[in-house]
Amino acid sequence: MPAATILLLEADASTRDTISAALTTAGYTVNSVNDADEAFRRAAEHQLVILDIVTGPKTAIDVCREIRATPSMAAIPVLCIGQTDEVEERIRFLEVGADDVIARPFDDRELEARIEALLLRFQRSKNLAPILTSNGTFASLSRRIVAVFSPKGGVGTTTIATNLGMAMASRHPDRVVVVDMDLQFGQVATHLNVDVKRSLADVARDEAALREPDLLRTYAIRHDAGLHVLAAPPTPELADLISTQHVEAILETILGTYDTVIVDAGSELDDRTMAIFEKADNVILVVNPEMAALKAVHSLLDFLNEAGSVGAKTTFVLNNMFAREILKMRDVESALGTKVSIELPYDPFLYLKAVNEGVPVVVGAPRSGPADRLLKLVDVAIGDDAVDGTGGRSRRGGLLSGLRRRA
């Protein structure tokens, strides 16, 4: 599982070139420095740090100690390279907080294996958030990203995203965020009746916030119910400020401060949307029981089949927006080639009232039929079904996993 970037502190040019070449071949991006102070300044920008030979007053042990004394770098694994195979040297590195030590001489394959093991271990630990239970003990809650998308606009992605977020926040206040990635015309803030002071466009301008979970959290708006919102830009032209790289960084960083991330991915399929799919643990695809919506979803599935499977589980939701049954459930499932997980009932009043008042259905009408179905969707898309047996993030197949396309 190659990391995006590795920082290598190496004063010996020949060794630096050898290590960089080996790791680049393995799929990593390696940034090299030979100054201890520069290594410390840049460590937070990387997914892993390798410390080797250092010139000047500081040693690799000093740099490791500084990194480990900085709380914001607690989630960055540090691999130190010992100059000898002496036990005492390895112990000194471990005592100052090194996560692993590899001694010279070493094989490139051993270095790659140790890096992969460190990244896997740290990723698993990041995915587990400690939460305080009612009896005063700590339990682990899987950190996960759930995206809500439809290739046809106006089918209820924002309604579903905000209700899921509000329902989860009632269970885990201040641990859930809705990210409005319908970047041109997102309405999550309207659905929740929150005042937007800063948006994702502001986040994109702040490089530090793209790396630091606690700083990114300051851009979120807090709803009184304990749900947080990262709002879409206030005007369509500001959407262009947010690149695919910004989307990836935001979703990577935000899991460092929230347990559940609900993404309203809107209805526009572009590279940014594909990045959301790649990061998501579950993609909820919303469809209406009418031919245009079904054709749009069918085209989406064909495109994703050609592009390759996306690392997320899929949940299909049928949103009945019409008073009269136009297509029956069996027709919808036949057209999709798979089972629909949840069917939201038609209601001529509740959804409209919820949007106009900025109070989601699960809060404004908690005993209604729509609220009951939305809460069931929480259990299907986010609850135990989204957590594997070890408490980690479940990766059961791709976005198209489980689909049985009919000829």
Separation between CZ (R144) and OH (Y258), nearest 0.5 Å, reads 15.5 Å
In Å, rounded to the nearest 0.5 Å, how long is the span from CD of Q187 to CG of L192?
11.0 Å
Show the numbers, then the answer: is there a side chain to side chain contact (heavy atoms under 4.5 Å, CB included) between V188 and D182?
CA-CA 9 Å; V188 168; D182 186 359; over 6 Å; no
Testing the 3.5 Å rule here: is there a donor-acceptor pair between the side chains of E357 and N193?
no
Evaluate the side chain to side chain contact (heavy atoms under 4.5 Å, CB included) criterion for residues V203 and D206: first the C-alpha distance (whole Å), next the side-chain angles of each, then the deciding distance (0.1 Å), finally the verdict.
CA-CA 5 Å; V203 175; D206 189 343; 5.8 Å; no
Donor-acceptor check, side chain of E343 to backbone of L318, threshold 3.5 angstrom: yes or no?
no
In the structure I gave you, are the side-chain heavy atoms of H172 and T260 within less than 4.5 Å of one another anywhere?
no
How about S32 and R16: does a side-chain donor come under 3.5 Å of a side-chain acceptor?
no
Under a 4.5 Å cut-off applied to non-hydrogen side-chain atoms, are R114 and I50 in contact?
no
Between the main-chain N or O of A167 and the side-chain N or O of S170, is there a donor-acceptor pair closer than 3.5 Å?
yes
Taking all non-hydrogen atoms of both residues into account, name the closest pair between I76 and A43 and its distance.
CD1-O, 3.3 Å
Would you sort out whether L285 and L300 count as a side chain to side chain contact (heavy atoms under 4.5 Å, CB included), showing the intermediate values?
CA-CA 10 Å; L285 289 180; L300 171 68; 3.8 Å; yes
Minimum heavy-atom separation for A161 to D264, with atom names?
CB-CB, 4.0 Å
Criterion side-chain hydrogen bond (donor to acceptor under 3.5 Å, both in side chains) on S20 and D17, from CA distance to verdict
CA-CA 5 Å; S20 295; D17 291 341; 5.7 Å; no
Are any non-hydrogen side-chain atoms of L301 and V297 less than 4.5 angstrom apart?
yes
On a heavy-atom basis, which atom in G186 and which in A232 lie closest, and how many Å separate them?
CA-CB, 3.9 Å
What heavy-atom pair brings E66 and F40 nearest, and what distance separates the two atoms?
O-CE1, 3.4 Å
Salt-bridged, D99 to R68, with N to O below 4.0 Å?
yes
Any heavy-atom pair between the side chains of L269 and M274 that's under 4.5 Å?
yes
Regarding D331 and S334, is there a side-chain donor-to-acceptor distance under 3.5 Å anywhere?
no
Pairing of D202 and R205 as salt bridge, 4.0 angstrom limit
yes
Is E207 atom CD crowded by more than 12 heavy atoms from other residues, nucleotides or ligands, each under 6.0 Å away?
no
Quick one: are N34 and T55 in side-chain contact, heavy atoms under 4.5 Å?
no
Specify the closest pair of heavy atoms between E212 and T253, including all atoms of both residues, with the distance to one decimal.
C-CG2, 3.6 Å
Can you find a side-chain donor-acceptor pair between T59 and D62 that sits under 3.5 Å?
yes
4.5 Å side-chain heavy-atom contact, I81 and R104
yes
Answer whether the closest heavy-atom distance between the side chains of I254 and L230 falls below 4.5 Å.
yes
Tell me whether N320 contacts the main-chain N or O of P345 through its side chain, where contact means a donor paired with an acceptor under 3.5 Å.
no
In sequence, state the C-alpha distance, the side-chain angles, and the governing distance for E248 and T244, and then conclude on side chain to side chain contact (heavy atoms under 4.5 Å, CB included).
CA-CA 6 Å; E248 292 172 343; T244 303; 4.0 Å; yes
Identify the two heavy atoms, one from L227 and one from M166, that lie closest to each other, and give their separation to 0.1 Å.
CD2-N, 3.8 Å
Taking 4.0 angstrom as the limit, do D37 and R41 come out as a salt bridge?
no
Please assess N282 against T315 for the test side-chain hydrogen bond (donor to acceptor under 3.5 Å, both in side chains), listing each intermediate value before the final yes or no.
CA-CA 7 Å; N282 196 330; T315 300; 3.3 Å; yes
In terms of side-chain heavy atoms, does N31 have a donor or acceptor partner in T5 at a distance below 3.5 Å?
no
From L164 atom CG to L375 atom CG, the distance as rounded to the nearest 0.5 Å
9.0 Å
I'd like to check T157 versus S267 (side-chain heavy atoms, cut-off strictly below 4.5 Å). Are they in contact?
no
